[in-house]
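Remarks on the structure that follows.
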Amino acid sequence: MAKATSIKEAIAKWAEKTGQDPAQAKEVKLYMQLPPIEKLDASLSTLANCEWLSMSSNCIDKITNLNGLKHLKILSLGRNLIKNLTGLEGVADTLEQLWISYNNVEKLKGITVLTKLKVLYMSNNYVKEWGEFQKLAELPLLEDLVFVGNPLEEKHSAEKDWREQVLKRLPKLKKLDGETVVGQDAEEEA
C-alpha cells in the first residue's frame with residue numbers, strides 16, 4: 001500500500017491546485033487525499049488564517065496539532081477513523097462548528113472545552129449512553145445537533161422518545177437531526 005499523504009504534502013498539493021497561499025487562506029480543503037492522510041501533524045500551523053478546514057474522507061484516527069489554528073471556526077473531519085474527541089484544546093476559543101459524522105467516536109470526553117461550539121454534526125458514530133451524551137449540556141452555545149445513527153439515538157427513536165429525551169437534556173437546541181425545534185410545549189401537543 002502507498003505511504004500516507006502527510007499534511008505538508010496535502011497543503012502543497014492544495015496550494016498548487018488553487019493557487020492560494022496557505023498562510024493567508026481562510027478556507028482549506030484537504031479532503032479525500034490519495035493516498036489518505038493518517039496523522040494530523042505540526043504542518044497544520046502553516047494555515048495561520050484558516051477559518052474552515054476540511055479533512056473529511058481520509059484515515060485520520062486522532063485529533064492532534066490544532067494549536068496553530070488560531071482563527072479556526074469550522075473543522076470538518078467526517079468519514080475518518082477518529083475514536084475520541086480529545087485534542088481539541090488548541091481551537092477551544094474559536095471553534096463554532098465540528099463536523100465529525102461517520103467516525104468511531106464512542107465517548108465524548110474532550111468536547112467540553114469547546115465553549116464557542118454552536119453546531120455539532122456527529123451522526124453515525126458509536127455513542128451508546130446518556131452519561132456520554134450529557135457532556136453536550138456543558139456546551140453553552142450549542143444550538144444545532146445531528147446525532148442520528150448513534151446507538152443511543154437508534155434505541156430511543158425506536159422507543160419514540162428521542163426528541164423528548166434530548167430536549168429535556170439540551171433545552172437550548174434550535175435544531176435536532178436536521179429538524180427545527182419549535183419549543184417543548186408545541187412538541188408535546190404534536
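Remember, it's a predicted structure, so these values are computed and weren't measured experimentally.
Each ring-ring contact (aromatic ring centres under 6.0 Å, His included) pair with one or both residues in residues 17-45, not counting sequence neighbours, would appear here, but there are none.
There is a side-chain donor-acceptor pair under 3.5 Å between E153 and S157.
Atom CG of L139 is separated from atom CG of L120 by 7.5 Å, given to the nearest 0.5 angstrom. Interatomic distance, CD of Q97 versus NZ of K73, reported as 10.5 Å (0.5 Å rounding). Within the model, atoms CG of L136 and CG of L170 stand 6.0 Å from one another, a figure rounded to the nearest 0.5 Å. In this structure, NZ in K39 is found 13.5 Å from OG1 in T5, a value given to the nearest 0.5 Å. Going from atom CD1 of I7 over to atom CD of E38 covers 11.0 Å, rounded to the nearest 0.5 Å. Taken from CG in L117 to CG in D144, the straight-line distance is 10.0 Å, to the nearest 0.5 Å.
With hydrogens and angles disregarded, no donor-acceptor distance shorter than 3.5 Å links the side chain of N67 to the backbone of N65. The main-chain N or O of S6 is found under 3.5 Å from a side-chain atom of E9 such that the two form a donor-acceptor pair. Side-chain atoms of N103 come within 3.5 Å of backbone atoms of L77 as a donor-acceptor pair (strictly under, hydrogens ignored). A donor-acceptor pair under 3.5 Å is formed between the side chain of N125 and the backbone N or O of I100.
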Mind running side-chain contact (heavy atoms from CB on, under 4.5 Å) on L141 and T115 for me, showing each step along the way? CA-CA 7 Å; L141 303 178; T115 56; over 6 Å; no
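As a member of the Ile/Leu/Val/Met/Phe/Trp/Tyr network built from side-chain separations under 4.5 Å, W99 groups with W52, I74, V119, Y121, V146, V148.
Side-chain contact between L75 and L69 is absent, with no heavy-atom pair separated by less than 4.5 Å. Between W14 and Q20 the shortest side-chain heavy-atom distance falls below 4.5 Å. Side-chain contact check for Q165 versus L152: every heavy-atom pair is 4.5 Å or farther apart. Looking at heavy atoms from C-beta onward, L98 lies out of side-chain contact with V91 at the 4.5 angstrom threshold. F133 is not listed as a side-chain neighbour of N150, based on a closest heavy-atom distance of 4.5 Å or more.
Heavy atoms of other residues, nucleotides or ligands lying less than 6.0 angstrom from NZ of K135 number more than 12. More than 12 heavy atoms of other shown residues, nucleotides or ligands fall within 6.0 angstrom of atom CD in E159.
Ionic pairing of K26 and E51 is present here: one or more N-O contacts between side-chain nitrogen and carboxylate oxygen are shorter than 4.0 angstrom.
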Solution key, residues 53-64 side-chain donor-acceptor pairs under 3.5 Å, sequence neighbours excluded:
| residue | atom | partner | partner atom | Å |
| --- | --- | --- | --- | --- |
| N58 | OD1 | Q33 | N | 3.2 |
| N58 | OD1 | I37 | N | 3.0 |
| N58 | ND2 | L30 | O | 3.1 |
| N58 | ND2 | M55 | O | 3.1 |
| N58 | ND2 | S56 | O | 3.3 |
| T64 | OG1 | L40 | O | 2.9 |

